[in-house]
Protein chains: 2
Amino acid sequence: MDESRKTAARLLSADTFGRTCPSRKVLDQVTSRWGTLVLAVLVTGPHRFAAIRDEVGGISEKMLSQTLKQLVRAGLADRSVDASVPPQVTYTLTEMGTDLATPLYQLVRWVGLHNGELEAAQRQYDARTG
Amino acid sequence: MDESRKTAARLLSADTFGRTCPSRKVLDQVTSRWGTLVLAVLVTGPHRFAAIRDEVGGISEKMLSQTLKQLVRAGLADRSVDASVPPQVTYTLTEMGTDLATPLYQLVRWVGLHNGELEAAQRQYDARTG
DNA sequence: CAGTATCCGCAGCGATACTG
DNA sequence: CAGTATCGCTGCGGATACTG
């Protein structure tokens, strides 16, 4: 692409900003609607399917299944099946997954902690603009 | 992290996982398709509209405008207009925005740096499953 | 319990054209 | 230069039902 995109791209040591860069795919998955929350749950420890579903409010089983599949495919999570009845499936972050999820977890935590300030800022903006 | 069995929500000091929690709104914006990349650009310094557009590959002006508006509304970015001809508009992260964008920036950087490993893991998975 | 399969609405997004 | 307006579509994601 163009040379104007040099600054941040260079700082990032890889052109993740480029439209065609494969790392954008991973970034999109990880920062997808549910990807972030699922990773943030898994970073607190191994979880079973139903446990994740219950902890992430509002996620459908379809989307959870889909999201987990993507994470496993990307090498960020492991899926281990205990062949019992009923079956037990546990999801664990890989080492890569843990590395990646750490800043993500900090983000979620930050948002949670500063929820009040965020709401206040938004209210101010809305009042200012009408 | 060891104190008995606390849910991730508790560990996060706010129920960001809750469906109705307002902080989920912010999280969704920040981790949206373009939100992440725009914030990652701005964390490297103030940028003008066209500069961001050029640096984030593939973003349309409509989406950039929309994304920036959300960030300003959330109190994460400032918009300063230099009333000249042609006009100059510069976007800067607020202090809150910088705090929030830091882990996000680390995430983008991590993905960029580990692009190779990520691709390899995915190829392995695809080969394994056919 | 841990998924898969199917249908489908709607909003997110891209493309294009226009404006202060 | 820095946006806004409008249209049209695609695919995300919700709801529901079914299976090993």
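Because only heavy atoms are used, hydrogens play no part in the values below, and waters and symmetry mates are left out as well, while side chains stay in. Lettering of chains follows the sequences in order, A, B, ..., and the numbering in each one begins at 1.
A donor-acceptor pair under 3.5 Å links the side-chain atoms of A:T94 to the main chain of A:L76, judged by distance alone. Remark: the backbone N or O of B:D28 is not paired with any side-chain donor or acceptor of A:R33 at under 3.5 angstrom. Of the possible polar contacts, none joining the A:H114 side chain to the A:G112 backbone as a donor-acceptor pair under 3.5 Å is found. Here the side chain of B:T90 pairs no donor or acceptor atom with the backbone of B:S80 at under 3.5 angstrom. Using modelled atom types, one side-chain atom of A:R24 and one backbone atom of A:F17 make a donor-acceptor pair closer than 3.5 Å.
Atoms CG (B:D54) and P (D:dA2) sit 10 Å apart, rounded to a whole Å. A straight line from CZ of A:R53 to P of D:dG14 spans 14 Å, rounded to a whole angstrom. One interatomic measurement links the two molecules: NE2 of A:H47 to P of C:dA2, which rounds to 12 Å at whole-angstrom precision. Across the protein-nucleic acid pair, B:E61 atom CD and C:dA17 atom C1' stand 12 Å apart, rounded to whole Å. Per the geometry, CD1 belonging to A:I59 stands 15 Å off C1' belonging to D:dA15, to the nearest Å. For B:F49 and C:dT19, the CZ to C1' distance is 14 Å, given to the nearest whole Å. Here the P atom of nucleotide C:dG20 and the CG atom of B:D82 are 21 Å apart, to the nearest Å. Distance A:R33 CZ to C:dC13 P: 12 Å, rounded to the nearest Å.
Nearest-nucleotide mapping onto DNA chain C: of B:S60 and B:P87, the residue sitting toward the 5' end is B:S60.
Taking both residues in full, the closest heavy atoms of B:L100 and A:L107 are given as O-CD1, 3.6 Å, listed atom of the first, atom of the second, then distance.
With a 3.5 Å limit on both pairing distances and Watson-Crick or G-U wobble geometry required, the stems of 3 or more pairs in DNA chain C span C:1-20 with D:1-20.
Counting heavy atoms from C-beta on, the side chains of B:F49 and B:E61 come closer than 4.5 Å. Looking at heavy atoms from C-beta onward, B:V89 lies in side-chain contact with B:R79 at the 4.5 angstrom threshold. Considering only heavy atoms from C-beta on, A:W110 comes within 4.5 Å of A:L118 through its side chain.
No hydrogens or angles were tested; on distance alone, a donor-acceptor pair under 3.5 Å links the side chain of A:K62 to the base of D:dG14.
For the segment residues 63-80 of chain B, residues with any heavy atom less than 4.0 angstrom from an atom of DNA chain D are, sorted by number, B:S65, B:K69, B:R79.
For C:dG3, the OP1/OP2 oxygens have a side-chain nitrogen or oxygen of A:Y91 closer than 4.0 Å. Residue B:R48 has a polar side-chain atom (N or O) positioned under 4.0 Å from OP1 or OP2 of D:dA2.
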